[in-house]
Protein chains: 2
Amino acid sequence: MLKEKYSQYSFILDRTARRVKQYAQNSFLQGAFDLTIDQWSILKILYEEDAMTQKEIAEKSGKDQPTLTRIVDILIKKRLAQRVEHPEDRRCLHLKLTKEGKAKVEELSPAVKEIRMKAWENLSEDDFENFTRILNTIYNNLNQQS
Amino acid sequence: MLKEKYSQYSFILDRTARRVKQYAQNSFLQGAFDLTIDQWSILKILYEEDAMTQKEIAEKSGKDQPTLTRIVDILIKKRLAQRVEHPEDRRCLHLKLTKEGKAKVEELSPAVKEIRMKAWENLSEDDFENFTRILNTIYNNLNQQS
DNA sequence: TATCAATTATTAGTGTGACAACTAATTTCG
DNA sequence: CGAAATTAGTTGTCACACTAATAATTGATA
């Protein structure tokens with residue numbers, strides 16, 4: 001295999017991921033959403049399934065627990081979410097959206113979808129399928145266990 | 001278009017980019033390379049073309065100038081690179097590798113290529129072509145100017 | 001030539017990511 | 001039962017990304 005050639009995907013992958021994030025963040029700023037991309041991603045997860053523990057959210061979002069703790073702190077400071085005691089396990093905390101949090105998700109969802117779609121101009125349905133398949137294959141190839 | 005479906009690529013892209021970086025970083029740690037991935041990427045660029053300004057390196061690496069300043073500070077602290085005055089423009093600084101810096105790149109290059117290849121198990125040459133094409137299309141779709 | 005605009009690099013501030021170490025609570029098992 | 005291991009969450013540290021603001025220098029132009 002031509003290692004020189006293959007080993008350069010990482011640069012393109014990294015810069016594209018950064019640009020996707022940056023583009024969305026700029027759009028958020030212009031729309032005065034008062035949220036970062038990562039804060040939004042956690043809000044979205046909570047909207048789809050309320051009352052999860054932070055551990056569960058961390059797994060679902062692919063973030064580690066310290067990172068999640070900090071994002072949740074910010075969401076709470078913004079009064080978009082709240083921590084609630086777990087009824088059976090005092091180590092855990094259930095997170096729930098506040099009314100404001102739910103309203104925020106409902107208000108912004110359509111705009112966020114539009115922002116996300118921009119990336120797919122000039123690309124086909126096949127491209128989308130291949131792209132997600134390849135990304136997931138790479139993700140699994142580099143799994144911690146292996 | 002099914003916006004709901006298409007708008008979820010960003011999560012997969014982000015988490016895969018993070019895992020690629022993390023996998024390489026862990027391999028660097030185990031090999032006691034004493035470098036981060038991003039420090040390595042700058043060293044590599046300097047090895048290929050010595051005596052560039054920070055502005056040029058920033059463009060080539062896809063990093064912004066503040067980020068580059070910090071990474072270069074670290075490389076200099078590690079005695080792998082040095083700043084040299086630009087002969088014609090006193091605003092600029094030429095960066096050059098030290099002997100140690102060049103030796104480091106030569107020493108680690110083969111190992112880094114091996115690490116990078118791991119991601120491509122179970123994937124074909126076509127996948128590689130499609131992957132880079134799609135990434136670059138997305139990157140251009142989200143160009144600042146547009 | 002004197003001023004103003006553009007360019008290069010830096011600094012400060014905020015947010016995030018990874019890792020290690022820690023607390024508190026719970027579970028396991030001798 | 002009680003000590004040890006495990007688990008959930010937090011805090012601290014370092015590195016990086018991005019923005020805005022600044023200093024120093026250069027170039028353009030009136």
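Quick caveat: nothing in here was measured; it's all calculated off a predicted structure. Naming convention: chains lettered A, B, ... in sequence-line order (proteins, then strands); numbering from 1 in each chain.
Counting to the nearest Å, the P atom of C:dA9 and the CG atom of B:L75 are 15 Å from each other. Following rounding to the nearest Å, B:Q25 (CD) and C:dA18 (C1') show an atom-to-atom distance of 9 Å. Per the geometry, CH2 belonging to B:W40 stands 15 Å off P belonging to D:dC16, to the nearest Å. Atom CG in B:D73 sits roughly 13 Å away from atom C1' in D:dA15 (whole-Å rounding). Atom-to-atom, CD of B:E85 to C1' of D:dT25 comes out at 12 Å; the value is rounded to the nearest Å. Between the NZ atom of A:K21 and the C1' atom of D:dT19 there is a distance of 15 Å, rounded to whole Å. Here C:dA25 presents its P atom at 17 Å from CD of A:E88, a figure rounded to the nearest Å. Whole-Å rounding puts the B:M52 CE to C:dA9 C1' distance at 16 Å.
Considering every non-hydrogen atom in both A:E121 and B:N141, the closest pair reads O-ND2, 2.7 Å. Closest approach of B:A119 to A:Y9, counting heavy atoms only: CB-OH, 3.1 Å.
Relative ring orientation between A:F131 and A:W120 is described as perpendicular, the plane-to-plane angle rising above 60° on a 0-90° scale split at 30° and 60°. Between B:F28 and B:F33, the ring planes are tilted. Angles from 30° to 60° get that label.
Checking D:dC16, D:dG9, D:dA20 against the side-chain heavy atoms of A:K55 singles out D:dG9 as nearest. For A:D89, taking side-chain heavy atoms from C-beta onward, the closest of the listed nucleotides D:dG12, D:dC18, C:dA25 is C:dA25.
Put simply, B:K63 has a side-chain N or O that comes within less than 4.0 Å of OP1 or OP2 on D:dA17. For C:dG15, the OP1/OP2 oxygens have no side-chain nitrogen or oxygen of A:T36 closer than 4.0 Å. Distances shorter than 4.0 Å separate some side-chain N or O of B:N26 from OP1 or OP2 on C:dC19. A:T67 has no side-chain polar atom (N or O) that falls below the 4.0 Å cut-off from OP1 or OP2 of C:dT16. Using a 4.0 Å cut-off, no side-chain N or O of B:Q54 falls inside it from OP1 or OP2 of C:dT8.
Checking A:Q65 against B:D38, the closest nucleotide of DNA chain D that is more toward the 5' end is the one next to A:Q65. Along DNA chain C, the nucleotide closest to A:G62 and the one closest to A:K78 are compared, and the more 5′ of them pairs with A:K78. Each of B:T69 and B:L29 was assigned the nucleotide of DNA chain C with the nearest heavy atom; the assignment lying further toward the 5' end belongs to B:T69.
Between the base of D:dG12 and the side chain of A:R70 there is a donor-acceptor pair shorter than 3.5 Å. Below the 3.5 angstrom threshold, one finds no donor paired with an acceptor across the side chain of A:R19 and the base of D:dA17.
The stretch residues 91-98 of chain B touches DNA chain D through B:R91, each having a heavy atom within less than 4.0 Å of the strand.
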Test side-chain hydrogen bond (donor to acceptor under 3.5 Å, both in side chains) applied to B:R116 and A:Q8, step by step: CA-CA 8 Å; B:R116 292 304 193 188; A:Q8 287 175 2; over 6 Å; no
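The residue B:R15 sits apart from the nucleic acid: no heavy atom pair falls under 4.0 Å. Across all strands, A:Q39 comes closer than 4.0 Å only to sugar-phosphate atoms, never to a base (heavy-atom distances). Heavy atoms of A:L68 sit nowhere under 4.0 angstrom from any nucleic acid atom. Using a 4.0 Å heavy-atom distance criterion, B:R18 is classed as a sugar-phosphate-only contact.
Distance check, rounded to the nearest 0.5 Å: CD of B:Q22 to CZ of B:R15 gives 12.5 Å.
Surrounding CZ of A:R83 are more than 12 heavy atoms belonging to other residues, nucleotides or ligands, all under 6.0 Å away.
Side chains of B:D38 and B:S41: no donor on one and acceptor on the other come within 3.5 Å.
A distance-only check finds a donor-acceptor pair linking the side chain of B:N136 to the backbone of B:T132 [under 3.5 Å].
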